[in-house]
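Just below is one structure, and these are the notes that go with it.
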Amino acid sequence: QVQLVESGGGLVQPGGSLRLSCAASGYTLDYYAIGWFRQAPGKEREGVACISSRDGSTYYADSVKGRFTVSRDNAKMTAYLQMNTLKTEDTAVYYCAADPDHIRTITIQDICTAPYDLEYWGQGTRVTVSS
């Protein structure tokens, strides 16, 4: 069983930056893909960025490419989402999720996009981008 706790959300002005953290416990992260998802009010949940455990490959939604960076530190059992040049449309609750991709035969893009549902989820952290 993997427990995930997100932190780092808050209020930021457009153009600003935030770094979200996802701290894991209960099992090593070495064999888990990590995904960052977000859900804005009235919208479907969206896969933002994901990183594989197998080879470190990443996937980004078009809406965040060039602005967001996903990374992981397995020794610290923590994953990160660095968000730069934030826009008002980035406002959402952000969730991290983990999935044992070392036993899967799908790509990191498949893991990060609907309808795939990752195995473990955090409780979310709210990001508000507003002036």
Side-chain angles (χ1 to χ4, degrees):
Q1 188 82 3
V2 176
Q3 292 84 43
L4 302 170
V5 178
E6 303 94 336
S7 61
L11 173 65
V12 62
Q13 292 187 339
S17 297
L18 280 176
R19 188 176 81 156
L20 305 184
S21 298
C22 174
S25 61
Y27 199 75
T28 178
L29 268 189
D30 291 24
Y31 305 113
Y32 286 81
I34 299 295
W36 286 96
F37 296 77
R38 67 186 180 187
Q39 190 163 22
K43 293 191 175 181
E44 298 272 321
R45 188 177 70 195
E46 173 190 21
V48 174
C50 294
I51 183 166
S52 171
S53 73
R54 296 183 295 222
D55 57 6
S57 57
T58 56
Y59 167 84
Y60 294 94
D62 287 343
S63 57
V64 306
K65 276 181 185 174
R67 301 189 298 122
F68 289 13
T69 303
V70 59
S71 61
R72 60 192 298 154
D73 185 334
N74 288 348
K76 293 183 178 179
M77 293 185 63
T78 302
Y80 305 95
L81 184 67
Q82 178 67 44
M83 306 187 294
N84 298 328
T85 320
L86 283 160
K87 305 176 181 180
T88 55
E89 52 263 43
D90 295 318
T91 295
V93 177
Y94 284 71
Y95 300 89
C96 72
D99 196 80
D101 65 334
H102 69 291
I103 60 172
R104 311 286 189 215
T105 58
I106 55 177
T107 67
I108 193 64
Q109 179 174 347
D110 292 331
I111 288 176
C112 214
T113 52
Y116 192 80
D117 193 14
L118 283 72
E119 197 162 318
Y120 301 103
W121 290 83
Q123 84 290 347
T125 185
R126 185 174 301 276
V127 172
T128 303
V129 185
S130 174
S131 54

Q. Do the side chain of Arg104 and the main chain of Asp99 share a donor and acceptor less than 3.5 angstrom apart?
A. no
Closest heavy-atom pair, Asp55 versus Ser57, reported as atoms and distance to 0.1 Å, is OD1-OG, 2.7 Å
Validation row: Val70, Tyr59 side chains within 4.5 angstrom (heavy atoms): no
Taking every heavy atom of Ala92 against every heavy atom of Ala40, the minimum-distance pair comes out as CB-N, 3.8 Å
When every non-hydrogen atom of Met83 is compared with those of Val127, the smallest separation belongs to CE-CG2, 3.9 Å
Between Ile34 and Ala79, the two heavy atoms sitting closest are CG2-CB, 3.6 Å
Exercise for the section: Taking the side chain as every heavy atom from C-beta outward, state whether Ile106 and Ile111 have any atom pair closer than 4.5 Å. Expected result: yes
dist Leu4:CG -> Ser25:OG (nearest 0.5 Å) comes out at 7.5 Å
Look only at the side chain of Glu6 and the backbone of Gly124, and say whether a donor-acceptor pair between them is shorter than 3.5 Å.
yes
Using a 3.5 Å distance criterion without hydrogens, assess whether the side chain of Thr91 forms a donor-acceptor pair with backbone atoms of Val129. yes
Interatomic distance, OG@Ser52 vs CZ@Arg72, rounded to 0.5 Å, equals 7.5 Å
d(Met77 CE, Gln3 CD) to nearest 0.5 Å is 9.0 Å
Worksheet item: Can you find a side-chain donor-acceptor pair between Asp73 and Thr78 that sits under 3.5 Å?
Response: no
| said: Please determine whether side chain to side chain contact (heavy atoms under 4.5 Å, CB included) holds for the pair Ser17 and Val12, giving the CA-CA distance in whole Å, both sets of side-chain angles, and the decisive distance to 0.1 Å. | reply: CA-CA 7 Å; Ser17 297; Val12 62; over 6 Å; no
I'd like to know if Leu20 and Leu118 are part of one continuous hydrophobic network [Ile/Leu/Val/Met/Phe/Trp/Tyr, side-chain heavy atoms within less than 4.5 Å]. no
Exercise. Side-chain heavy atoms under 4.5 angstrom apart, residues restricted to Ile, Leu, Val, Met, Phe, Trp, Tyr: same cluster for Tyr95 and Tyr120?
Worked result: no
When rounded to the nearest 0.5 Å, the distance separating CD of Glu119 from CG of Asp117 is 9.5 Å
Looking only at heavy atoms, the pair that brings Gln39 and Arg45 closest together is NE2-N, 3.8 Å
Over 60° means perpendicular and under 30° means parallel, so tell me whether Trp121 and Phe37 are parallel, tilted or perpendicular.
tilted
Taking every heavy atom of Ala33 against every heavy atom of Ile108, the minimum-distance pair comes out as CB-CD1, 4.0 Å
The reported gap from CG in Leu81 to OH in Tyr94 (rounded to nearest 0.5 angstrom) is 7.5 Å
List the atom pairs, with distances to 0.1 Å, where a side-chain N or O of residues 62-69 and a protein N or O form a donor-acceptor pair under 3.5 Å, not counting sequence neighbours.
residue	atom	partner	partner atom	Å
Asp62	OD1	Lys65	NZ	3.1
Ser63	OG	Arg38	NH2	3.4
Ser63	OG	Glu46	OE2	3.2
Arg67	NH1	Thr85	O	2.9
Arg67	NH1	Asp90	OD2	2.8
Arg67	NH2	Ser63	O	2.8
Arg67	NH2	Asp90	OD1	3.0
Arg67	NH2	Asp90	OD2	3.4

Item to complete: Treating Ile, Leu, Val, Met, Phe, Trp and Tyr as nodes and any side-chain heavy-atom pair under 4.5 angstrom as an edge, say whether Tyr116 and Val2 lie in one connected cluster.
Response: no
Value for CG (Asp110) from CG (Asp101), rounded to nearest 0.5 Å, stands at 11.5 Å
Quick note, disulfide bond (SG atoms under 2.5 Å apart) partners involving residues 86-131, not counting sequence neighbours, are Cys22-Cys96, Cys50-Cys112
- Can you find a heavy atom in the side chain of Ser71 that is under 4.5 Å from one in the side chain of Tyr80? yes
